[in-house]
Amino acid sequence: MFDHRRNKSTFLLSSAAVLAVVLAGCGSSPGTEAPPSGEVTSGAATADAAATTEDGTPTEEATMDEAGVHWGYEGDTGPDHWGELSPDFALCSAGTEQAPIDLTGADQQDLADVLFDYRSAPLQVLNNGHTIQVPSDGTSSITVDGTMFELAQFHFHTPSEHTVDGEYFAGELHLVHQDASGSLAVVAVLLEEGAENEAVAPIISHLPAATEQEVEADGVTLDPLDLLPGNRLTFQYTGSLTTPPCSEDVNWFVLTTPVEMSEAQLGELEQVMGHNNRPLQPLNDRDLLEDTVTG
């Protein structure tokens with residue numbers, strides 16, 4: 001939750017369910033906003049940042065998560081129906097602090113900086129059926145207001161999930177982190193069409209075409225820091241996983257400066273993942289903050 005004392009935002013989230021999901025994966029297999037693998041997994045909080053079941057289905061296909069529930073991005077298993085597919089997914093329709101949101105009208109403050117301690121690691125690329133995900137080896141982390149969150153994995157969405165003043169971007173990168181208590185923090189990078197991105201190129205060169213396929217890029221290392229823009233100011237709010245089970249109390253840090261990828265790079269990602277972005281959710285009574293000072 002946000003603590004406005006001293007104009008700093010403190011994120012100390014507690015969720016055993018989220019921890020379970022993070023350990024499982026953030027997508028469907030391994031993949032999204034949590035530690036080990038991906039975004040959403042079984043009925044607990046698998047998070048866009050979790051580890052195994054993430055949120056990005058290939059084309060129109062629905063994928064089965066670890067709880068045996070098929071969900072996707074279109075039709076009867078699409079976002080409008082996620083809350084009906086399983087009791088574990090109830091928050092997808094009943095939650096009041098859901099993600100993604102439109103980033104507009106933010107309260108500008110001097111917020112706690114996100115301190116990045118990212119390290120190069122051998123590259124592995126997973127297609128978990130919902131997204132393209134890169135697992136972390138446990139050596140990278142962020143620190144916010146004294147709390148350290150270990151990088152579990154990062155993954156992609158096309159097009160973007162968040163919008164800025166109602167405008168979508170070509171894609172979005174989610175770096176999913178978890179602290180010692182199981183709380184999740186997701187750093188999001190908006191992706192716009194432009195120059196070829198050298199940091200992303202090794203991932204594009206090793207995209208697994210088949211669902212549940214993982215490619216180990218022999219001799220290739222990648223530093224997640226190279227995926228970030230030079231300006232690291234952020235929008236900050238408390239939200240949820242963007243894939244089932246849509247668990248809440250996830251700390252979101254969306255970088256205000258986008259990063260470029262070429263049309264060809266974005267096209268290759270989309271060809272493998274399809275459109276895997278959840279529709280915008282209402283802000284309701286939450287605070288949306290924008291950091292205005294670095295350091």
Side-chain angles (χ1 to χ4, degrees), residues 1-2 4 9 11 13 26 32-33 39-40 47-49 54-57 73-74 78-83 89 91-109 111 114 130-131 154-176 184-194 228-229 231-261 266 269-270 273-292:
M1 306 295 285
F2 287 97
H4 301 297
S9 59
F11 300 87
L13 305 178
C26 184
T32 295
E33 268 143 51
E39 204 163 40
V40 180
D48 202 26
E54 194 202 306
D55 54 17
T57 18
Y73 286 91
E74 294 183 357
D80 289 344
H81 302 282
W82 285 351
F89 298 173
L91 281 176
C92 295
S93 57
T96 59
E97 296 187 350
Q98 292 288 293
I101 61 171
D102 181 32
L103 303 168
T104 187
D107 183 9
Q108 296 185 334
Q109 298 185 21
L111 302 174
V114 180
H130 290 125
T131 188
F154 60 85
H155 60 269
F156 295 87
H157 297 268
T158 53
S160 69
E161 298 207 295
H162 292 87
T163 58
V164 178
D165 295 330
E167 296 294 324
Y168 280 93
F169 288 74
E172 187 167 333
L173 166 67
H174 290 169
L175 299 109
V176 181
L184 299 181
V186 181
V187 173
V189 181
L190 298 168
L191 306 172
E192 62 182 3
E193 186 176 317
L228 307 181
N231 183 340
R232 305 213 178 120
L233 294 175
T234 57
F235 293 102
Q236 302 182 13
Y237 75 100
T238 303
S240 72
L241 303 180
T242 63
T243 59
C246 307
S247 308
E248 297 184 338
D249 288 338
V250 174
N251 302 308
W252 279 93
F253 302 89
V254 184
L255 294 170
T256 60
T257 300
V259 165
E260 292 184 358
M261 288 180 60
L266 289 163
L269 271 178
E270 185 175 335
M273 302 188 306
H275 285 185
N276 61 343
N277 65 325
R278 185 189 190 190
L280 294 173
Q281 304 298 304
L283 181 62
N284 294 324
D285 295 328
R286 286 175 287 174
D287 292 322
L288 172 60
L289 307 178
E290 181 179 359
D291 194 9
T292 56

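Here, residue 1 is the first one in the sequence, and each next residue gets the next number.
- Contact check for C246 versus W82: side-chain heavy atoms found under the 4.5 Å cut-off.
- Taking the side chain as every heavy atom from C-beta outward, E260 and L191 never approach each other to under 4.5 Å.
- In this structure, R278 CZ and T242 OG1 are separated by 7.5 Å, a value rounded to the nearest 0.5 Å.
- Atoms CG and OH, on L190 and Y168 in that order, are 12.0 Å from each other to the nearest 0.5 Å.
- Side-chain contact between V186 and V250 is present, with at least one heavy-atom pair separated by less than 4.5 Å.
- Not a single side-chain hydrogen bond (donor to acceptor under 3.5 Å, both in side chains) links T158 to another residue, sequence neighbours left out.
- Using a 4.5 Å heavy-atom threshold, the side chains of W252 and H174 count as touching.
- Summarising the local packing, CG of N284 is surrounded by more than 12 heavy atoms from other residues, nucleotides or ligands at distances under 6.0 Å.
- For the pair D291 and Q109, the minimum side-chain heavy-atom distance is 4.5 Å or more.
- Smallest separation of non-hydrogen atoms from P258 and P229: O-CB, 4.2 Å.
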Is there a ring-ring contact (aromatic ring centres under 6.0 Å, His included) between Y237 and H162 once you walk through the steps?
-> CA-CA 12 Å; Y237 75 100; H162 292 87; 5.7 Å; yes
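- Between L233 atom CG and N231 atom CG the span is 4.5 Å, to the nearest 0.5 Å.
- In this structure, the side chain of R232 does not engage the main chain of L255 through any donor-acceptor pair within 3.5 Å.
- Under the side chain to side chain contact (heavy atoms under 4.5 Å, CB included) criterion, P159 pairs with H275, N277, sequence neighbours left out.
- In this structure T96 satisfies the side-chain hydrogen bond (donor to acceptor under 3.5 Å, both in side chains) test with no other residue, sequence neighbours excluded.
- Among residues two or more places apart in sequence or in another chain, the side-chain hydrogen bond (donor to acceptor under 3.5 Å, both in side chains) test is passed with Q281 by none.
- Of all non-hydrogen atoms in M261 and L269, the two that sit nearest each other are CE-CD1, 3.9 Å.
- Between G83 and S93, the shortest heavy-atom contact is CA-OG, 3.7 Å.
- In this structure T163 satisfies the side-chain hydrogen bond (donor to acceptor under 3.5 Å, both in side chains) test together with D102, sequence neighbours excluded.
- Distance alone, capped at 3.5 Å, is enough to place a donor-acceptor pair between the S160 side chain and the F169 backbone.
- Between the side chains of E248 and Q98, at least one donor N or O sits under 3.5 Å from an acceptor N or O.
- Shown here are the side chain to side chain contact (heavy atoms under 4.5 Å, CB included) partners of L283, two or more places apart in sequence or in another chain: I101, R286, L288.
- In this structure, E193 and A170 approach most closely via the heavy-atom pair N-CB, 4.2 Å.
- Separating the CZ atom in F156 from the CE atom in M273 is a distance of 7.5 Å, to the nearest 0.5 Å.
- Here the straight-line distance linking atom CG of L184 with atom OG of S240 works out to 11.0 Å at 0.5 Å rounding.
- No side-chain donor-acceptor contact under 3.5 Å links Q108 and T292.
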Show your working on side chain to side chain contact (heavy atoms under 4.5 Å, CB included) between L175 and V189 and close with a plain yes or no.
-> CA-CA 8 Å; L175 299 109; V189 181; 4.1 Å; yes
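- Here CG of D107 is found 5.5 Å from CG of L289. Values are rounded to the nearest 0.5 Å.
- Between L280 and E161, the shortest heavy-atom contact is CD2-O, 3.4 Å.
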